[in-house]
Amino acid sequence: MQQKDTLFQHEGPVADFVFDDKVADVFTDMINRSVPGYASIITQIGTLAERYVQPESVCYDLGCSLGAATLSMRHHIKAGGCRIVAVDNSPAMVARCQAVMDQDQSDVPVELRCADILDVTIGNASLVVLNFTLQFVPLVRRDALIRKIFGGLRPGGMLILSEKIHFEDAALNALFIDLHHRFKEQNGYTRTEISQKRAAIENVLVPETLRVHEQRIRSAGFSSYAVWFQCFNFASMVAVK
Ligand code: GEK
C-alpha cells in the first residue's frame with residue numbers, strides 16, 4: 001500500500017539516500033511530487049512502445065522500481081510474441097513491483113529480476129528503458145552500460161533515457177535547480193524537506209549535461225538521437241539503432 005512521502009521532515013544530519021523499504025513504501029508519491037513531467041513520461045513510454053516494439057522481441061525496464069514504465073509498455077505493446085524484462089537491485093522495490101505485476105491482467109509476460117543492471121545481459125531487444133536510473137550508476141560504468149544496450153538492441157530498436165540533468169552555464173543551472181525546488185514546494189514539500197532530501201541524494205545521484213549524454217549515445221553507435229521531453233533540469237531522450 002503506497003503512502004505519502006514524509007521521510008525528510010526531520011532536521012539535522014541525514015544519511016545517504018537508499019532505495020529501502022521506507023522509500024519503496026512512499027515511492028509513487030515521492031517521484032510524482034519530485035520529478036516534473038514524470039506522469040507524462042510514463043504515459044509516452046507506452047506510446048513509444050506501441051510504435052517501436054518489434055514482434056518476438058524483448059523490452060527491458062532497467063531500474064524499474066515499482067514498474068510504472070513496465071506497466072505502460074505492457075498496456076500498449078501491439079506486436080506479438082514479446083516479453084518484458086524488468087530489473088531493479090533493490091529487494092524492497094522488487095517485492096512491491098511483483099505485487100503490482102500480479103494485480104495486472106495484461107497478456108505480455110513480465111520477468112522481474114532483482115539484479116544489478118550492470119550484470120544483466122541485453123539481447124533481442126527492440127526497446128530499452130532507463131527511466132531515471134543511469135543517474136545512479138557510477139560515472140565510470142556509464143559508457144559500458146550504454147554500449148552494452150546498443151549491442152543488445154535489434155536494428156531499429158530504441159533506447160529511452162530519462163535523467164536529471166546538469167547545465168554548463170552556472171546561472172542557468174542555478175535557475176533550474178531553484179525552479180525545481182519551487183515545483184516541489186508547489187507539490188507540498190516544505191523547505192526543510194527539500195534541503196534534507198537534497199543533502200541525502202547529493203552523493204548518490206550524479207547528473208550530467210545533455211551534451212555528455214548525446215556524446216555517449218552517439219559514440220556507442222546510435223544513428224539518431226533527440227531530446228523529446230524537458231522540464232527544467234529533467235529530460236528524456238530517445239536514441240535509435
Ligand atoms: C520508474 N524507472 O518509475 N541496478 C539495478 N537497479 C538500480 C541500479 C542498478 N545498478 N541503480 C539504481 N537502481 C522507475 C524509476 S528510480 C528513480 C527509477 C528515482 C534502481 C533503484 O533501486 C531505483 O528503484 C531505481 O533504479 C531509480 O519509471 O528514484 O529518481
Side-chain angles (χ1 to χ4, degrees), residues 2 5 7-8 16-49 59-76 84-98 100-101 104 110-122 127-146 148-149 159-165 180 183-184 187 189 197-198 200-208 229 231-237:
Q2 281 289 297
D5 171 22
L7 297 181
F8 292 96
D16 275 353
F17 188 85
V18 283
F19 291 99
D20 58 10
D21 283 302
K22 283 193 189 128
V23 168
D25 278 338
V26 302
F27 186 73
T28 301
D29 180 61
M30 175 185 275
I31 198 156
N32 275 292
R33 289 202 287 143
S34 304
V35 175
Y38 173 75
S40 298
I41 292 170
I42 290 293
T43 302
Q44 301 316 337
I45 285 172
T47 310
L48 289 163
C59 302
Y60 291 84
D61 182 4
L62 303 179
C64 61
S65 299
L66 303 181
T70 290
L71 275 190
S72 189
M73 289 193 273
R74 202 180 192 195
H75 294 164
H76 289 91
I84 302 171
V85 175
V87 184
D88 205 290
N89 65 354
S90 155
M93 289 292 189
V94 171
R96 288 158 186 77
C97 187
Q98 188 62 63
V100 171
M101 294 308 143
D104 187 69
V110 175
E111 182 193 325
L112 183 57
R113 294 190 202 158
C114 189
D116 192 318
I117 59 172
L118 297 170
D119 299 331
V120 167
T121 302
I122 310 286
L127 180 60
V128 177
V129 173
L130 275 169
N131 202 37
F132 302 106
T133 305
L134 188 67
Q135 59 196 16
F136 295 107
V137 171
L139 281 172
V140 294
R141 312 294 299 273
R142 294 183 187 181
D143 287 359
L145 175 60
I146 298 298
K148 175 173 82 173
I149 291 169
L159 165 66
I160 301 175
L161 173 64
S162 310
E163 288 278 289
K164 187 174 191 181
I165 54 172
H180 174 228
F183 168 87
K184 292 184 75 167
N187 285 325
Y189 284 116
K197 170 79 180 285
R198 190 182 184 184
I201 207 128
E202 209 163 39
N203 301 321
V204 179
L205 188 168
V206 182
E208 296 174 290
F229 178 92
C231 182
F232 307 143
N233 46 350
F234 291 82
S236 189
M237 299 153 258

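Whatever order the structure lists ligands and atoms in, that order sets their numbers, starting from 1.
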| message | Could you tell me if the side chain of V26 sits less than 4.5 Å from the side chain of K22, heavy atoms only? | response | no
| query | Going from CZ on R141 to CG on L134, what distance comes out if it is rounded to the nearest 0.5 angstrom? | reply | 12.0 Å
| request: Tell me which part of Q135 gets within contact of ligand 1: side chain, backbone, both or neither, using heavy atoms under 4.0 Å. | output: side chain
| message | My understanding is that we take every heavy atom of each candidate and find the minimum distance to atom 14 (C) of ligand 1. Doing that for G63, A69, A24, which one comes out nearest? | response | G63
| field | Identified side chain to side chain contact (heavy atoms under 4.5 Å, CB included) partner of V128 from the options L161, L159, I160 | value | L159
| Are any non-hydrogen side-chain atoms of M30 and Y189 less than 4.5 angstrom apart? | yes
| message | According to side chain to side chain contact (heavy atoms under 4.5 Å, CB included), who are the partners of Q135, at least two apart in sequence or on a separate chain? | response | F132, E163, K164, L205
| query | Do the non-hydrogen side-chain atoms of I117 and N89 ever get within less than 4.5 Å of each other? | reply | no
| message | Checking contacts here: is it the side chain or the backbone of F19 that comes within 4.0 Å of ligand 1, counting heavy atoms only? Could be both or neither. | response | side chain
| field | Residue of the set V100, V110, T133, D88 for which side chain to side chain contact (heavy atoms under 4.5 Å, CB included) holds with C64 | value | D88
| query | Is the closest N or O pair between D61 and ligand 1 shorter than 3.5 Å? | reply | no
| note | Shortest non-hydrogen pair, M101 vs T70, comes out as CE-CG2, 3.7 Å
| task | Give the numbers and elements of all ligand 1 atoms closer than 4.0 Å to a heavy atom of S90. | result | 22 (O)
| request: State the atoms of ligand 1, each with its element, that fall below the 4.0 Å cut-off from a heavy-atom position in M93. | output: 24 (O)
| message | Starting from atom 4 (N) of ligand 1, what is the nearest protein heavy atom, named by residue and atom, and what distance separates them? | response | I117 N, 2.9 Å
| query | Nearest protein heavy atom to atom 1 (C) of ligand 1, by residue and atom, and its distance? | reply | Y38 OH, 3.4 Å
| task | Would you please name every residue forming a salt bridge (charged side-chain N to carboxylate O under 4.0 Å, His left out) with D116, sequence neighbours left out? | result | none
| remark: the protein heavy atom lying closest to atom 25 (C) of ligand 1 turns out to be S65 OG, 3.4 Å
| remark: re atom 28 (O) of ligand 1, the protein heavy-atom contact at minimum distance is N131 ND2, 2.9 Å
| query | Quick check: does any side chain N or O of D5 sit under 3.5 Å from a backbone N or O of L7, one acting as donor and the other as acceptor? | reply | yes
| remark: Contact region, I42 to ligand 1, non-hydrogen atoms below 4.0 Å, reads side chain
| Among all protein non-hydrogen atoms, which one is nearest to atom 17 (C) of ligand 1, and what is the separation to 0.1 Å? | F132 O, 3.0 Å
| said: Among all protein heavy atoms in this structure, tell me which lies nearest to atom 22 (O) of ligand 1, with the distance rounded to 0.1 Å. | reply: D88 OD1, 2.6 Å
| message | In this structure, does ligand 1 have an atom that sits under 4.0 Å from one of the heavy atoms of T133? | response | yes
| request: Report yes if some heavy atom in the side chain of P36 is under 4.5 Å from a heavy atom in the side chain of H180; otherwise report no. | output: yes
| Where is the nearest protein heavy atom to atom 9 (C) of ligand 1: which residue, which atom, and how far? | N89 ND2, 3.3 Å
| message | Considering non-hydrogen atoms of the protein only, which is the closest contact for atom 12 (C) of ligand 1, and what is the distance? | response | F136 CB, 3.8 Å
| field | ligand 1-proximal atoms of A115, by part, heavy-atom distance under 4.0 Å | value | backbone
| Is there a heavy atom of G67 sitting under 4.0 angstrom from any atom of ligand 1? | no
